[in-house]
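This report refers to the structure that appears directly beneath it.
For ligands, and for the atoms within them, numbers begin at 1 and follow the listed sequence. Values below: every heavy atom of this structure, side chains too, minus hydrogens, waters and symmetry copies.
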Amino acid sequence: MQTEQHQSGADGAENHAGANVDEIMQKVAEHKGCGTSGGSGKASCGSGAGENDLPTEIWEKVKNHPCYSEEAHHHYARMHVAVAPACNIQCNYCNRKYDCANESRPGVVSEKLTPEQAAKKVLAVASTIPQMTVLGIAGPGDPLANPEKTFKTFELVAKYAPDIKLCVSTNGLTLPDHVERLSKYNIDHVTITINMVDPEVGAKIYPWVYYNKKRYHGVEAAKILTDRQLQGLEMLTERGILSKINSVMIPGINDEHLVEVNKAVKSRGAFLHNIMPLISAPEHGTVFGLTGQRGPTAQELKALQDNCEGEMNMMRHCRQCRADAVGLLGEDRSAEFTTDKVMEMEVSYDLEARKAYQEAVEKERQAVVDAKKAELAGLAGEHSDIKMLIAVATKGSGKVNEHFGHAKEFQVYELSTSGAKFVGHRRVDLYCQGGYGEEDSLATIIRAINDCHAVFVAKIGGCPKNDLKAAGIDPVDQYAGEFIEQSAIAYFKDYLDKVKSGEIQHVERGDAQIRQGALTAAEAA
Ligand SMILES: C[S@@+](CC[C@H](N)C(=O)[O-])C[C@H]1O[C@@H](n2cnc3c(N)ncnc32)[C@H](O)[C@@H]1O
Ligand code: SF4
Ligand code: SF4
């Protein structure tokens with residue numbers, strides 16, 4: 001539906017590539033030197049929901065959106081374009097002046113773009129990565145505090161790349177003023193960051209907001225912000241625009257309060273709640289970084305997410321991306337698409353070729369779903385209170401296909417008689433260090449996955465295998481190349497059978513391991 005709307009909004013004759021790219025190139029040339037570029041600078045719903053859990057209309061909107069569907073994130077990519085530098089509020093965790101090309105976290109970008117440069121970049125990425133289905137504008141400041149650049153970018157992309165879904169991420173202060181325009185441009189996915197619904201809590205997070213040409217401080221500022229956020233959310237819901245709520249979990253400030261936030265956004269029709277860990281380090285120069293405010297541990301984050309999960313599922317696969325991220329979630333290909341490189345690229349936007357590629361991706365994804373369902377059938381009728389976490393080394397496509405020594409992160413699944421549920425990821429130091437420092441990196445890997453019962457890998461050497469066993473983590477390489485969830489369920493069934501027959505005794509990975517493994521969630525992310 002969205003695609004149809006986009007297509008009808010575009011001039012049919014212009015939907016084909018060459019001429020459009022030339023036209024955009026022309027505009028880019030006209031803008032050279034005058035832009036901001038070149039700086040250094042259900043119903044039951046949620047990300048875990050599948051086709052059968054959602055109304056068709058909603059499924060169509062989320063099925064190939066890597067952020068709105070956990071299943072889709074193994075197969076589809078997204079990109080952000082950094083066209084929105086300014087912001088109209090200040091959060092105590094944000095400092096957009098701190099720029100590090102090697103760092104992946106929100107608000108960080110290497111280059112700011114004009115809308116025309118951004119459109120050319122989108123066409124270049126979409127032609128190179130045909131499974132890139134979503135363009136988001138998420139900063140580095142607030143997209144709706146930069147409305148002209150934001151909407152111009154959407155207008156160009158909707159015109160020349162009509163199959164790409166458009167997304168925006170905002171603090172919500174000016175959202176009520178822009179909902180009509182968002183609807184007009186067929187922006188079907190809007191993220192609002194809502195960290196509080198109580199202005200007393202808000203005053204600890206936001207030093208000021210700039211509203212109607214005036215700067216407000218403290219509780220007064222937070223009251224304006226929460227009222228505008230909730231009003232904007234209600235307006236989106238009335239228009240059938242899917243909303244995702246981002247909340248930053250800040251221990252001691254809003255961690256307990258986020259349960260109330262969850263209820264408030266759920267009752268106003270939010271589709272998905274994404275509770276993310278605070279990222280905070282002194283070198284970022286943020287208020288929280290400088291005052292030593294810590295982020296939550298992975299276990300604290302999971303406990304809060306579990307607590308909030310009900311009719312509205314929680315997003316647990318967010319990677320807290322840079323404002324210029326490109327690629328599958330968790331991979332960053334932005335360095336391949338710097339402005340210099342993009343401007344030199346011959347871009348041919350071939351809608352039909354993208355469609356054909358995505359049809360093949362859909363088949364691959366369906367195979368994953370079918371395999372999971374078939375395996376799950378074997379758990380029907382099983383009753384057990386046993387739950388366990390496993391860590392998985394994967395390069396994507398929903399498979400156990402990464403060598404232990406090459407894994408930069410592990411995806412964590414919770415296994416129970418209900419099946420295998422994705423609950424997060426843990427970033428780690430590479431084990432393989434070319435013969436130097438393997439022992440140190442193994443110690444940090446064990447800390448990061450210490451609450452997991454097993455680690456699934458495509459391959460693993462004898463030394464790390466023995467050390468993992470000694471730490472009580474089962475190294476499993478028998479599912480190399482197989483689908484993750486299918487393999488996880490098979491492993492769990494086998495485990496239950498062995499417990500039932502008395503061959504093994506179930507041991508909970510309890511608080512002791514968790515305490516030893518208490519990396520902060522941001523370290524693990
Ligand atoms: C960079 S912001 C850009 C969009 C918009 N200005 C906003 O705040 O929603 C994207 C997301 O990153 C989050 N974020 C920014 N800095 C963060 C930090 N230090 N720790 C955790 N999340 C952070 C924001 O709260 C927001 O949800
Ligand atoms: S609203 Fe977004 S861009 Fe603005 S200060 Fe907060 S996190 Fe940074
Ligand atoms: S920051 Fe989270 S929601 Fe935004 S693109 Fe990355 S994974 Fe998706």
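- Shown in contact with Leu329 at under 4.0 Å from a heavy atom are these atoms of ligand 3, numbered in order with element: 7 (S).
- Scanning all protein heavy atoms for the shortest distance to atom 2 (Fe) of ligand 3 gives Cys318 SG, 2.4 Å.
- Residues Phe154 and Tyr185 keep their aromatic ring centres 6.0 Å or farther apart.
- Salt bridge annotation for Arg228-Asp177: present, with a cationic side-chain nitrogen under 4.0 angstrom from a carboxylate oxygen.
- Within 6.0 Å of CD in Glu362 there are more than 12 heavy atoms belonging to other residues, nucleotides or ligands.
- Ligand 2 lies nowhere less than 4.0 angstrom from a heavy atom belonging to Gly139.
- Heavy atoms only, all atoms of each residue included: Leu242 and Tyr68 are closest at O-OH, 3.7 Å.
- Note on Arg316 versus Asp306: salt bridge recorded, some NZ/NE/NH1/NH2 to OD/OE distance being below 4.0 Å.
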Exercise for the section: Could you go through the side-chain hydrogen bond (donor to acceptor under 3.5 Å, both in side chains) check for Asn195 and Tyr93 one step at a time? Expected result: CA-CA 12 Å; Asn195 295 320; Tyr93 49 70; 2.9 Å; yes

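- A salt bridge between Arg294 and Glu300 is present, with a side-chain N of the basic residue lying under 4.0 Å from a carboxylate O of the acidic one.
- Near Ile89, with a cut-off below 4.0 Å to any heavy atom, the atoms of ligand 2 are 1 (S), 4 (Fe), 5 (S).
- The residues Arg426 and Asp451 are annotated as salt-bridged, a charged nitrogen and a carboxylate oxygen being separated by less than 4.0 angstrom.
- For atom 8 (Fe) of ligand 3, the nearest protein heavy atom (residue, atom name, distance) is Cys67 SG, 2.3 Å.
- Residue Ala138 places a heavy atom less than 4.0 Å from ligand 1.
- Near Gly141, with a cut-off below 4.0 Å to any heavy atom, the atoms of ligand 2 are 3 (S).
- Every atom of ligand 1 is numbered from 1 in the order shown, and the set under 4.0 Å from a heavy atom of Thr193 is 7 (C), 8 (O), 9 (O), 25 (O), 26 (C), 27 (O).
- The shortest contact between atom 4 (Fe) of ligand 2 and any protein heavy atom is with Cys87 SG, 2.3 Å.
- Residue Cys87 has no N or O atom closer than 3.5 Å to an N or O atom of ligand 1.
- Of the protein's heavy atoms, Cys91 SG, 2.3 Å lies nearest to atom 6 (Fe) of ligand 2.
- Taking the six-membered ring where the residue is Trp, the centroids of Phe422 and His73 are separated by under 6.0 Å.
- At the top of the distance list for atom 7 (S) of ligand 3, counting protein heavy atoms only, stands Arg319 N, 3.3 Å.
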- prompt: Taking it one step at a time, do Lys152 and Glu116 satisfy salt bridge (charged side-chain N to carboxylate O under 4.0 Å, His left out)?
  reply: CA-CA 8 Å; Lys152 183 69 191 171; Glu116 288 75 15; 5.0 Å; no

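- Annotation for ligand 2: atoms under 4.0 Å from non-hydrogen atoms of Pro140 are 3 (S).
- Taking a cut-off of under 4.0 Å to the non-hydrogen atoms of Arg78, the atoms of ligand 3 that pass are 5 (S).
- Residue nearest to atom 1 (S) of ligand 2, selected from Thr193, Leu144, Asn171: Asn171 (by heavy-atom distance).
- For the pair Met276 and ligand 3, no heavy-atom separation below 4.0 Å is found.
- When heavy-atom distances to ligand 1 are checked against a 4.0 Å cut-off, Pro277 comes that close only through its backbone atoms N, CA, C and O.
- Close contacts of ligand 3 with Met315, meaning ligand atoms under 4.0 Å from a residue heavy atom, involve 3 (S).
- What you find for Leu258 and Ile194 is that their closest heavy atoms are CD2-O, 4.5 Å.
- With hydrogens and angles disregarded, a donor-acceptor distance shorter than 3.5 Å links the side chain of Gln90 to the backbone of Cys94.
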Show the numbers, then the answer: is there a salt bridge (charged side-chain N to carboxylate O under 4.0 Å, His left out) between Arg333 and Glu336?
CA-CA 6 Å; Arg333 295 180 61 178; Glu336 290 171 47; 2.9 Å; yes

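- Contact atoms of ligand 1 toward Asn246: 27 (O) (distance under 4.0 Å to a heavy atom of the residue).
- Aromatic ring centres of His65 and His189 lie closer together than 6.0 Å.
- For Val248, every heavy-atom contact with ligand 1 shorter than 4.0 Å involves the side chain, none the backbone.
- No donor-acceptor pair under 3.5 Å is formed between the side chain of Glu364 and the backbone N or O of His75.
- Contact between Cys91 and ligand 1 is absent, with no heavy atom of the residue lying under 4.0 Å from the ligand.
- Residue Met276 approaches ligand 1 through these ligand atoms, each under 4.0 Å from one of its heavy atoms: 13 (C), 22 (N), 27 (O).
- Residue Gln320 touches ligand 1 through its side chain alone, judged by heavy-atom distances below 4.0 Å.
- Under a 4.0 Å criterion applied to the non-hydrogen atoms of Gly141, ligand 1 contributes the atoms 3 (C), 4 (C), 5 (C), 6 (N).
- Ligand-side atoms of ligand 3 in range of Cys321: 1 (S), 5 (S), 6 (Fe), 7 (S), range being under 4.0 angstrom from any heavy atom.
- Atom 3 (S) of ligand 3 has its closest protein heavy atom at Lys244 NZ, 3.3 Å.
- Atom 4 (Fe) of ligand 2 lies at 2.8 Å or more from every N, O or S atom belonging to Cys94.
- In this structure, Tyr93 is part of the shell of residues with a heavy atom less than 4.0 angstrom from ligand 2.
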Decide yes or no on salt bridge (charged side-chain N to carboxylate O under 4.0 Å, His left out) for Lys421 and Glu309, but give the supporting numbers first. CA-CA 13 Å; Lys421 175 168 135 187; Glu309 193 161 66; 2.6 Å; yes

CA sep, side-chain torsions, deciding dist, call: Tyr349, Arg354, side-chain hydrogen bond (donor to acceptor under 3.5 Å, both in side chains): CA-CA 9 Å; Tyr349 194 78; Arg354 279 176 52 80; 3.1 Å; yes

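- Checked by distance only, ligand 1 and Gly139 stay at 3.5 Å or farther apart across all their nitrogen or oxygen atoms.
- Residue Asn195 does not touch ligand 1, judged by heavy-atom distances below 4.0 Å.
- In this structure, Ala145 has no heavy atom closer than 4.0 Å to ligand 2.
- In terms of heavy-atom proximity, Ala86 sits nearest to Asn146 at O-ND2, 3.0 Å.
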